[in-house]
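Along the sequence shown, residues are numbered consecutively beginning with 1. Here the structure is a predicted model, which means the values were calculated and not measured.
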Amino acid sequence: MALESTVIQQKMIDQFGLKVADFVQLHDILTFEVAPDAILEVMKYLKEDQTLRFNFLTDICGIHYPEYAEERQFAVVYHMHNWIDNVRIRIKSFLPASNPEIDSAIPLFLGANWMERETYDFFGIVFKGHPQLKRILNMDEMTVFPMRREFPLEDGGRTDKDDRFFGRTQQNC
């Protein structure tokens, strides 16, 4: 028998109560939010429970939502996979812009090492307890995090380009 989303949702609510919320099925993947202080506890339960068996961490990535309130401007997204039942889930944990940090998943999944370093490198999200949290793709001298949506996409002061060559005219802007 395949593992149903309703079973996963009920087990999570029974075990964690208000630490898990906003369950929604998106493109056949159950997605839900987890409080940042409970992320390791939730992931450990998902991995070790004999019914759930989400024993593979597929991905960790960051998202910057500058239009959201300060306490929800960053999110860490985890994708986990149950190979036995071939079921995937997505977990989101929102972080404040003033202190975007969350516990490292390395104690549960050694493969989280590189993914957390990449997320730190591009978004500045700190993974507490990471053994070597430093830039992995960008230069160490960089003082900004390039995937944050803090900068305009184009330089409004540029005079060396003509918008007509990019399919834009004044009436389209």
Side-chain angles (χ1 to χ4, degrees), residues 19-22 24 26-48 53-83 86-161 163 165-168:
K19 293 181 181 180
V20 294
D22 295 333
V24 63
L26 294 172
H27 308 291
D28 295 332
I29 298 178
L30 180 65
T31 302
F32 59 96
E33 289 184 29
V34 173
D37 60 340
I39 193 67
L40 278 184
E41 182 184 5
V42 168
M43 290 176 74
K44 182 176 180 169
Y45 180 75
L46 286 163
K47 181 181 181 182
E48 296 176 354
R53 302 179 290 196
F54 285 95
N55 52 7
F56 187 73
L57 179 65
T58 307
D59 190 26
I60 300 173
C61 60
I63 304 174
H64 184 204
Y65 295 105
E67 67 277 8
Y68 285 17
E70 193 278 335
E71 64 274 358
R72 292 176 59 89
Q73 278 200 13
F74 288 97
V76 179
V77 181
Y78 301 86
H79 291 104
M80 295 179 74
H81 189 182
N82 170 330
W83 284 354
N86 195 25
V87 177
R88 298 173 190 270
I89 59 171
R90 179 182 301 117
I91 304 167
K92 288 185 178 182
S93 193
F94 286 90
L95 307 171
S98 60
N99 188 22
E101 67 177 31
I102 194 165
D103 290 326
S104 173
I106 291 175
L108 298 173
F109 299 99
L110 290 176
N113 190 322
W114 193 90
M115 294 182 271
E116 289 179 355
R117 284 181 65 189
E118 181 185 38
T119 303
Y120 165 74
D121 193 5
F122 285 102
F123 291 93
I125 296 170
V126 174
F127 292 90
K128 297 181 291 189
H130 191 285
Q132 191 181 16
L133 192 63
K134 65 178 189 175
R135 292 199 181 265
I136 193 168
L137 296 170
N138 291 306
M139 299 180 304
D140 290 335
E141 297 80 28
M142 284 185 72
T143 58
V144 297
F145 300 101
M147 294 298 287
R148 288 187 177 184
R149 298 177 185 172
E150 299 173 330
F151 309 101
L153 294 177
E154 292 187 19
D155 180 2
R158 284 185 62 181
T159 58
D160 64 333
K161 67 174 188 163
D163 279 344
F165 297 126
F166 296 98
R168 299 180 292 225

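- Using a 4.5 Å heavy-atom cutoff, the side chains of F109 and M115 are not in contact.
- Listed for the R90 side chain is no donor-acceptor partner under 3.5 Å among the backbone atoms of H79.
- When the shell of 6.0 Å around CG of L26 is examined, it contains more than 12 heavy atoms from other residues, nucleotides or ligands.
- Y120 is linked by a ring pair (Phe, Tyr, Trp, His ring centres under 6.0 Å) to F145, counting only residues two or more places apart in sequence or in another chain.
- Shown here for S104 and L40, the closest heavy-atom pair between the two residues is O-CD2, 3.2 Å.
- In this structure, CE on M147 lies 10.0 Å from OG1 on T119, to the nearest 0.5 angstrom.
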side-chain contact (heavy atoms from CB on, under 4.5 Å) evaluation trace for I91 with L46: CA-CA 11 Å; I91 304 167; L46 286 163; 3.5 Å; yes
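- The line from NZ of K47 to CG of N82 is 13.0 Å long, rounded to the nearest 0.5 Å.
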Acceptor/donor pairs from residues 92-102 side chains to any protein atom, 3.5 angstrom cut, sequence neighbours excluded:
{"residue": "S93", "atom": "OG", "partner": "V34", "partner atom": "O", "Å": "2.9"}
{"residue": "S98", "atom": "OG", "partner": "E70", "partner atom": "OE2", "Å": "3.0"}

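- Crowding of K128 atom NZ: a count of heavy atoms from other residues, nucleotides or ligands under 6.0 Å exceeding 12.
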F123/V76 under side-chain contact (heavy atoms from CB on, under 4.5 Å): CA gap, chis, key distance, verdict: CA-CA 10 Å; F123 291 93; V76 179; over 6 Å; no
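- The salt bridge (charged side-chain N to carboxylate O under 4.0 Å, His left out) search around E71 returns none, not counting sequence neighbours.
- Considering all non-hydrogen atoms of both residues, D103 and Y78 come closest at O-OH, 4.2 Å.
- Note on residues 112-123: pairs passing salt bridge (charged side-chain N to carboxylate O under 4.0 Å, His left out), not counting sequence neighbours, are D121-R135.
- Put simply, CD1 on I89 and CG on L30 are 7.0 Å apart, with the number rounded to the nearest 0.5 Å.
- More than 12 non-hydrogen atoms from other residues, nucleotides or ligands lie less than 6.0 angstrom from CG of D140.
- Here the closest heavy-atom approach between residue M142 and residue P146 is recorded as CE-CD, 4.0 Å.
- When the salt bridge (charged side-chain N to carboxylate O under 4.0 Å, His left out) test is applied to K19, the partners found at least two apart in sequence or on another chain are E41.
- Among all heavy-atom pairs drawn from I125 and A75, the shortest one is CD1-O, 4.0 Å.
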Scan the side chains in residues 53-66 for donor-acceptor partners under 3.5 Å anywhere in the protein, sequence neighbours excluded, and list what turns up.
{"residue": "R53", "atom": "NH2", "partner": "D85", "partner atom": "OD2", "Å": "3.2"}
{"residue": "H64", "atom": "ND1", "partner": "R149", "partner atom": "N", "Å": "2.8"}

